[in-house]
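Only one structure is covered here, and it is reproduced in the block below.
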Amino acid sequence: TVTKGFRAAKNRLAGKAEITPEMVDESLRDIRVSLLEADVAFDVVKKFVARVREKAIGEVVQTTITDKSGRKVKVSPGDHFVKICHDELEALMGPVDTRLAFKPKNQVTGIMMVGLQGSGKTTTVGKLATKLLKEGRRPLLVAADIYRPAAVDQLKVLGQRVGVPVFHEPGVAPPDLAKKGYAQARAQGCDVVIIDTAGRLAIDEELMQELEAIKKEVQPDNTLLVVDAMIGQDSVRTAAEFDRRISIDGFILTKLDGDARGGAALSIKEVTGKPIKFLGMGESMDRLEEFRPDGLAGRILG
Amino acid sequence: FGSSRDVDESVLAELEETLFTADIGVRTAASLVDLAREKAKKNELRTADGMKQLIRREIERIVDLPVTNTLEGGGPPHVVMVVGVNGAGKTTTIGKLAAKLTAQGKKVILAAGDTFRAAATEQLDVWADRAHAELVKGPEGGDPGAVVFEAAKKAKEQNAAVVIADTAGRLHTRAPLMEELKKVKRVLGKAIPGAPHEVLLVVDATMGQNAIQQARQFHEAVGVTAIALTKLDGTAKGGVIIGIADELKIPVVWVGVGEAVEDLRRFDPKEFVSALFD
Ligand SMILES: Nc1nc2c(ncn2[C@@H]2O[C@H](COP(=O)(O)OP(=O)(O)OP(=O)(O)O)[C@@H](O)[C@H]2O)c(=O)[nH]1
Ligand SMILES: Nc1nc2c(ncn2[C@@H]2O[C@H](COP(=O)(O)OP(=O)(O)OP(=O)(O)O)[C@@H](O)[C@H]2O)c(=O)[nH]1
Ligand SMILES: [Mg+2]
Ligand SMILES: [Mg+2]
């Protein structure tokens with residue numbers, strides 16, 4: 001069947017006078033398929049389905065719920081089941097916390113961007129700088145990717161487009177680049193340093209040590225893991241390992257302007273407990289939004 | 001899997017988990033598990049090890065597709081157009097392919113067809129140097145068609161063996177960008193009859209089910225002839241190519257296993273499948 005998943009589950013229960021636990025289980029099978037197709041991690045799907053089942057068996061069979069104002073309302077079982085799934089998914093992806101940690105205005109706040117190769121870090125550094133400028137801050141970018149051909153050029157071009165200074169010094173290792181970047185920021189009266197780092201595998205020991213060294217050197221107030229929304233089951237391995245090694249403060253999910261369902265959003269939150277801060281919605285510098293669970297929940301459920 | 005365990009539902013559940021976590025996709029994984037369950041019912045399958053063998057053979061069968069020419073056969077020059085979503089590894093893969101060709105003594109021309117992204121041309125320029133290939137570039141924000149036309153013309157004049165055209169990353173949901181890609185393909189065909197002889201879709205091994213949709217859309221737009229699967233040196237298994245092979249019959253020809261110029265291998269079905277089960 002083409003319309004599998006959420007819609008099928010809803011249709012199965014719609015218009016039914018009563019709902020049995022068997023029907024709930026059948027619907028949950030559809031939901032499971034839908035979530036796996038949405039790239040939610042295998043174990044996370046298991047957990048989610050178990051949670052929904054618990055709630056649904058208890059509540060859906062009654063088909064009378066207490067609404068937000070405390071009144072008892074009759075609802076169709078299908079609609080109530082849908083509501084439980086949606087609410088549970090939103091709850092798992094929340095609570096919403098899109099704030100960045102800032103030092104007092106006369107000090108330099110640090111934001112370090114990390115992630116797998118090609119996830120969108122450099123582009124997102126430009127977007128964050130754009131946003132911070134609008135908020136009256138004065139960012140300085142540190143080009144600490146010393147490996148990728150023309151990575152420094154890329155950040156310099158973006159810095160120029162956005163109107164912020166970019167610091168780089170050839171032949172200097174990333175931890176020292178970060179340290180010098182802070183000094184440069186102070187000298188120029190900038191109050192935020194955003195560090196662009198090279199893409200790396202979470203299993204690359206040497207490069208993970210480099211991140212630890214950068215963090216030890218400048219102790220950034222925010223360490224953000226940039227994740228491609230199209231990522232599959234690897235989201236959990238990657239997020240867990242980055243968090244374990246260098247402690248992530250939050251995530252940025254990029255390339256949501258495509259049609260990837262974005263199940264990674266649920267997986268990485270579930271596995272690390274850290275919040276999704278921002279969403280990348282395109283290649284230009286104004287395409288960064290604050291995370292909101294409701295839109296993403298609907299997209300993941302399908 | 002305990003190798004001599006009976007093929008019961010718990011073994012099948014383990015198989016299902018292995019397949020899913022490799023991004024094989026719900027439909028393909030379900031049909032593979034069903035196959036194992038059927039064989040077990042008919043007593044054609046006794047042990048977990050036997051099951052593993054069956055599934056491995058079946059996946060190998062799916063991905064072991066015939067490969068027509070790669071990097072040669074068209075023209076000369078043989079023209080390769082490289083496409084794919086943002087950040088998949090196109091530019092890096094082109095550098096690696098160019099190096100392979102120049103090491104064989106072939107003359108290679110690279111077209112900097114990404115005229116959009118910041119420092120895209122500079123990035124390919126470094127790779128052209130590393131690979132000892134010649135680069136044809138255009139102004140930033142310029143028409144990519146003009147750049148690839150220029151490169152094709154130059155290749156003919158200089159009797160180059162291969163032209164590889166880089167294109168900007170794009171999401172398959174952006175219709176105007178897919179139209180632009182079709183236009184680049186047409187331009188190549190005008191410059192050299194029959195070009196592009198190869199359309200290489202670069203797929204990131206960390207991608208989930210959306211990669212199948214990517215393949216469908218790029219195939220529909222420009223006719224993909226082969227896939228380069230990148231970043232297989234990570235923890236992701238790249239299982240999505242099984243669904244792509246099954247549905248679209250497009251072969252994986254190249255595998256990227258790192259960021260250095262030598263980190264490119266020919267796709268080996270046996271190696272790929274055995275890594276899935278590690
Ligand atoms: N459509 C879309 N493309 C994006 C988005 N964010 C980044 N990109 C594109 O994704 C590609 C990779 O972006 P980069 O910023 O170079 O990624 P990176 O993580 O810095 O890559 P490495 O430094 O090589 O690890 C580029 O083509 C970007 O334009 C987004 O939100 N939407
Ligand atoms: N580990 C690993 N990294 C890779 C591999 N192939 C490419 N990369 C990295 O992935 C990142 C993106 O590579 P690019 O070649 O810029 O990708 P692209 O498709 O040209 O990106 P856009 O042009 O922005 O769409 C870079 O950091 C590369 O070094 C691979 O096989 N393994
Ligand atoms: Mg980068
Ligand atoms: Mg590129």
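Below, chains carry the letters A, B, ... as their sequence lines are ordered, and counting in each starts from 1.
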If you count heavy-atom pairs within less than 4.5 Å of chain A, which of [options] leads?
options                : result
B:G234, B:A29, B:A205  : B:G234
B:A119, B:A118, B:A120 : B:A118
B:D23, B:L171, B:V126  : B:D23

Go through the atoms of [X] and report whether side chain, backbone, both or neither lie under 4.5 Å from a heavy atom of chain A.
X      : value
B:E122 : both
B:D125 : neither
B:E17  : both
B:V240 : neither

Nearest 0.5 Å please: distance from the [atom1] atom of [X] over to the [atom2] atom of [Y].
X      : Y      : atom1 : atom2 : result
A:I214 : A:I246 : CD1   : CD1   : 8.5 Å
A:I276 : A:M93  : CD1   : CE    : 6.5 Å
B:L101 : B:I164 : CG    : CD1   : 5.5 Å
B:L200 : B:T93  : CG    : OG1   : 7.5 Å

Requested in this report: Search all heavy atoms of B:K96 against all heavy atoms of B:D263 and return the closest pair with its distance.
Outcome: NZ-O, 3.0 Å
Using a 4.5 angstrom heavy-atom cutoff, name the option from [options] with the most pairs to chain B.
options                        : answer
A:A41, A:A151, A:P149, A:G118  : A:P149
A:I231, A:T123, A:T254, A:D153 : A:I231
A:R161, A:E241, A:R261         : A:R161
A:R148, A:K255, A:K156         : A:R148
A:V157, A:T122, A:D259         : A:D259

State whether the side chain of [X] and the backbone N or O of [Y] hold a donor-acceptor pair below 3.5 Å, judged by distance alone.
X      : Y      : value
A:R245 : A:D243 : no
A:T130 : A:D286 : no
A:S119 : A:G115 : no

Query raised in the report: Heavy-atom distance under 4.5 Å to chain B: side chain of A:D204, backbone, both or neither?
Result: neither
Query - Region of A:K121 that comes under 4.5 Å of a non-hydrogen atom in chain B - result: neither
Report task. Determine, stepwise, if the pair A:R51 / A:E270 fulfils salt bridge (Lys or Arg N to Asp or Glu O under 4.0 Å). Result -> CA-CA 13 Å; A:R51 264 202 186 94; A:E270 180 67 9; 3.7 Å; yes
